[in-house]
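Heavy atoms only: backbone and side chains are in, while hydrogens, waters and symmetry mates are out. Chain naming here is simple, since letters A, B, ... match the order of the sequence lines and numbering starts at 1 in each.
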Amino acid sequence: MGAGLFSSFMTGTWLEASIVAVAAGAVGFFVVVRGAAFAAHAIPQGAFTGAAGAALVGVNTLAGVGVFSFLAATAIARWGRRARRDVVTALILVGLLGLGSLFLSMSLEYSAQTFSLLFGEPLAVGTGELLPTGAIAAACLALIVAMYRRLMLTSVAPELAAARGVNPENVETWFLLSVGAATTLALPVVGALLVFSLMIGPPSAARFIARRPAAAVAVSVALALVTVWVAIAAAFYSGWPLGFFVGVLGVVWYLLGRLVHARTGDARSTGDARSTGDARSTGDARSPAPQGPAAGAALRKALAPPGISS
Amino acid sequence: MRSPVGTTLRRGRASDEGPALPEGSPPPVLVVEGLTVTLGGREVLKDVSFNLHAGELAGLIGSNGAGKTTLLRAVLGLQGTAAGTVTLSGRRDHGSLGYVPQKVSLDPDLPVRARDLVALGIDGQRLGVGLHSSSRRARAEELLSSVGALHLADARVGALSGGEQQRVLIAHALASKPRLLLLDEPLANLDLRSTQETVSLLAGLTRSHGVAVLVSTHDINPLLPFMHCVVYLAGGRAASGRTAEVVRSDVLSRLYGQHVDVLHAHGRVIVSVGDEHRESGCELAPDDCAEEGQPA
Amino acid sequence: MSVLHAVFAPGFFTSGPVLAAVLIGGVVALVSAPAGFLTVMRSHSFAGHAFSEVTATGGSAAYLVGVGPLLGYVVAALAGAGAMGALGVERHKSRDLVAGVVLGATLGLTALFLYLTTTSQSTSGAAVTVLFGSLFAVSSSDWPTVVALGGAALALVGVGWRPLLLSSVSPELAAARGVRLRLVESAYLAAVALAVALASMTVGAILSTALLVGPAAAALRFARTPARACAWAAAIGLVAVWGGIVLAYDSYDWPPSQQGWPVSFFVVFLVLATYLASYLFGRHRDPAHRDPAHRDPAHRDPAHRDPAHRDPAHRDPAHRDPAHRDPAHRGEA
């Protein structure tokens with residue numbers, strides 16, 4: 001069984017896709033936590049323009065993808081804070097894609113190549129590309145590990161982060177650059193349109209299933225690995241585009257996560273509500289300086305429910 | 001079971017604190033009876049009862065998480081209740097209640113002027129585009145001037161300061177000529193001057209419009225000079241009545257189920273709960289003590 | 001006359017496809033304006049963009065089955081609206097994720113449909129046509145359908161205008177007024193679905209976001225009332241679409257290929273140029289009665305006036321070295 005699936009011809013594909021899944025799963029968790037899905041969608045599509053441009057001028061696709069990932073990530077991080085973030089992301093996205101359409105129109109051989117850029121062409125990955133891929137993945141993961149606590153802090157409590165001297169804008173920039181790096185890895189394998197699915201589907205389920213961040217990252221990576229492995233096998237046998245399976249599995253994970261959450265969610269949310277209530281009553285003294293006069297602060301403290309037993 | 005501390009509002013005799021009640025008022029605008037609300041398996045409000053009459057300004061006092069917003073939402077009909085009744089006098093429709101939510105985040109680039117927001121208060125729930133009419137325009141300006149914000153009519157709402165936005169939102173809430181006006185933490189995030197202006201504006205509206213006003217706040221003091229009555233929430237239960245009858249050591253001790261001190265200093269009220277050796281108003285908020293000059 | 005000839009290449013006003021493009025493009029710009037305005041007000045650009053990817057699925061399915069693309073766009077967009085509404089795209093916490101998950105699913109389906117189309121029918125270029133579109137490829141017999149659907153979308157927005165506006169400003173205020181938020185959300189999603197489906201015909205599925213979001217976002221910088229913002233958005237949209245048609249028609253004489261540049265590129269380019277111009281020239285004309293400190297510092301940020309502050313898309317696309325010619329892609333005028 002699977003005579004060709006595990007042949008040496010496919011070794012590069014398996015390794016490459018696994019590296020991609022680890023990076024996308026890890027970065028994706030923060031995409032979901034930070035509500036950066038739109039940026040995670042826009043960066044790969046912007047990177048597609050880079051691939052089209054690279055094909056046009058005849059340079060390495062990976063280089064084109066990398067440059068445009070970098071441009072899109074920096075642009076979104078810098079300008080997204082100055083105006084409406086979703087609008088800026090949308091316009092950067094369509095701006096780059098508009099340019100992409102121009103590149104495509106000037107290029108002769110778009111049909112087959114465009115299709116593989118948009119929807120993925122994993123079965124022809126050579127082992128020669130493993131080195132740059134591995135290097136970028138390592139850099140991407142190192143960035144995430146180094147930024148881990150800042151990413152969590154700015155995601156959960158931006159004001160608190162600012163008070164501790166963490167610049168949210170810098171964190172955002174570095175974070176989106178790591179998304180760009182993951183994009184550069186994943187785009188040749190799963191295609192520009194489906195990179196996003198790999199970064200959203202597994203982590204969205206992980207967030208529902210796991211309670212601790214580290215566990216959620218692990219679940220996310222595991223699900224991403226399962227996604228690409230199943231997708232490769234299915235694409236190998238059916239001949240259908242890999243992206244289709246990645247996209248469908250992404251939705252399956254999300255719905256499963258929601259289902260698990262719905263079954264266990266009630267008990268958990270009650271527990272959470274209680275624990276936050278307790279935190280409020282005990283942590284009041286450390287809350288930000290109140291605006292009202294002394295009486296107000298004392299009153300607020302006084303009014304924290306001390307546990308009525310009747 | 002009625003809560004042992006649930007005193008109903010007694011009316012008639014003016015006490016030393018707070019302004020006199022309007023005389024000869026009709027039956028209450030709002031009657032809340034035995035209200036119980038459960039959220040996620042947890043009783044947020046337990047058997048809460050109180051009344052509110054036309055022309056009265058009532059403070060809904062409680063700490064963060066005491067259930068103030070839940071209570072207001074229950075009165076609005078936006079929150080399902082497990083038990084009890086909320087009765088509003090007369091017909092209940094879109095216009096009978098005005099509501100100013102706690103957090104209305106208005107982006108600075110919204111192309112909506114103050115007068116547009118107030119006009120949406122007049123007929124925002126209706127279908128159709130709502131063509132310009134001079135009566136609608138005049139009504140919006142009248143509402144804005146009643147909150148002292150006519151000069152802001154053509155400014156974008158998102159570009160206004162917090163206090164100015166508060167006024168425009170009050171005008172929006174008044175647009176449907178409500179009998180009851182609900183405000184959720186309108187004094188949070190306002191500086192001292194804006195706080196005083198807002199409170200005296202609300203007190204003026206109870207007189208000029210005859211509207212009943214229920215203001216939720218965690219700080220009772222700004223309301224003290226204008227408040228007719230108080231609904232005090234703690235641990236999901238409520239004590240209500242005249243300020244002087246509720247904000248007392250014995251009533252609040254029963255409400256909290258432990259000893260509570262109510263101190264009066266410099267015309268302010270300080271409520272202190274629990275072990276006096278460890279906790280006092282001063283230790284909790286050193287900045288405020290410095291501002292007051294002396295500990296309670 | 002010579003100036004006129006320089007702008008409008010000979011034959012512009014007598015070409016059937018061009019006139020159809022002008023008519024349909026105009027309708028699309030008008031419909032996109034109020035839908036886009038509400039989208040920007042609700043900070044819903046991602047969902048708006050998700051619709052465009054959904055229409056791509058519909059377009060590719062239509063190719064596969066062999067029916068007109070417009071039918072595919074509209075059916076898919078309305079189905080997407082239903083899915084997003086059911087999953088709760090309007091709830092603030094999860095909106096990002098819900099739009100994203102719907103997006104991922106539709107992208108996967110698009111991949112499959114396009115793959116099946118290319119293998120079964122040897123219609124090369126289906127992917128590019130569906131995704132990047134061409135206004136000149138629109139069949140002129142489509143215009144009654146376009147006008148009818150556009151009218152339906154405008155009617156939906158018009159009937160629900162006040163609740164839509166109030167709930168865009170603040171859902172809490174709307175709820176307190178007795179507005180049924182779910183109903184209003186459904187109306188909004190349906191209107192945007194129709195607008196995006198029509199826009200997909202003109203600039204292609206994944207670029208339709210430009211027409212939806214761009215003019216409305218620029219209009220926010222110029223206009224101070226909702227009605228004027230919609231009017232500005234419609235005007236900007238019309239200029240972009242019609243200007244794009246004129247430029248694309250002119251570009252048939254341009255290098256590299258004498259085949260013309262894609263009209264979608266010009267439309268997107270004009271939309272983005274207007275948005276950037278709105279930062280340079282648009283300002284909030286509020287009465288200067290207040291302390292400037294009260295205003296949001298973001299709006300007076302000098303970075304907006306920085307000429308280097310540009311989208312990479314705007315950097316001289318014409319200077320790219322043309323390597324290949326493009327034989328297919330656009331329907332000829």
Asks: Can you find a pair of side-chain heavy atoms, one from C:Val192 and one from C:His44, that are under 4.5 Å apart?
Replies: no

Asks: Hey, which of C:Gly48, C:Ala50, C:Gly104, C:Ser208 has the most heavy atom pairs under 4.5 Å with chain A?
Replies: C:Gly104

Asks: Measure A:Ala36 against the heavy atoms of chain C and call it side chain, backbone, both or neither at under 4.5 Å.
Replies: backbone

Asks: Within 45° of the six-membered ring axis of C:Tyr279 and under 6.0 Å from that ring's centre, is NZ or CZ of C:Arg221 located there?
Replies: yes

Asks: Of the backbone (N, CA, C, O) and the side chain (C-beta and beyond), which part of A:Val246 lies under 4.5 Å from a heavy atom of chain C, both, or neither?
Replies: neither

Asks: Pick from A:Ala40, A:Gly201, A:Ala42, A:Ala37: which one has the most heavy-atom pairs with chain C under 4.5 Å?
Replies: A:Ala37

Asks: How far apart are the C-alpha atoms of C:Phe113 and C:Tyr63, what are their side-chain angles, what is the distance that settles it, and do they pass the side chain to side chain contact (heavy atoms under 4.5 Å, CB included) test?
Replies: CA-CA 8 Å; C:Phe113 292 155; C:Tyr63 249 91; over 6 Å; no

Asks: Once ring pair (Phe, Tyr, Trp, His ring centres under 6.0 Å) is applied, do any residues pair with A:Phe38, and if so which ones, sequence neighbours excluded?
Replies: C:Phe46, C:His49

Asks: Under 4.5 Å heavy-atom distance to chain C, tell me which part of A:Val87 shows up: side chain, backbone, both or neither.
Replies: both

Asks: Out of C:Leu109, C:Val40, C:Thr209, return the one with the most heavy atom pairs under 4.5 angstrom to chain A.
Replies: C:Val40

Asks: Going by salt bridge (Lys or Arg N to Asp or Glu O under 4.0 Å), name the pairs with one or both residues in residues 29-54 of chain A, residues two or more places apart or in two chains.
Replies: A:Arg34-A:Glu172

Asks: Heavy-atom pairs under 4.5 Å with chain C: which of A:Gly46, A:Gly35, A:Gly58, A:Gly100 has the most?
Replies: A:Gly35

Asks: Name the residue from A:Ile92, A:Leu91, A:Leu96 that meets the side chain to side chain contact (heavy atoms under 4.5 Å, CB included) definition with A:Val94.
Replies: A:Leu91

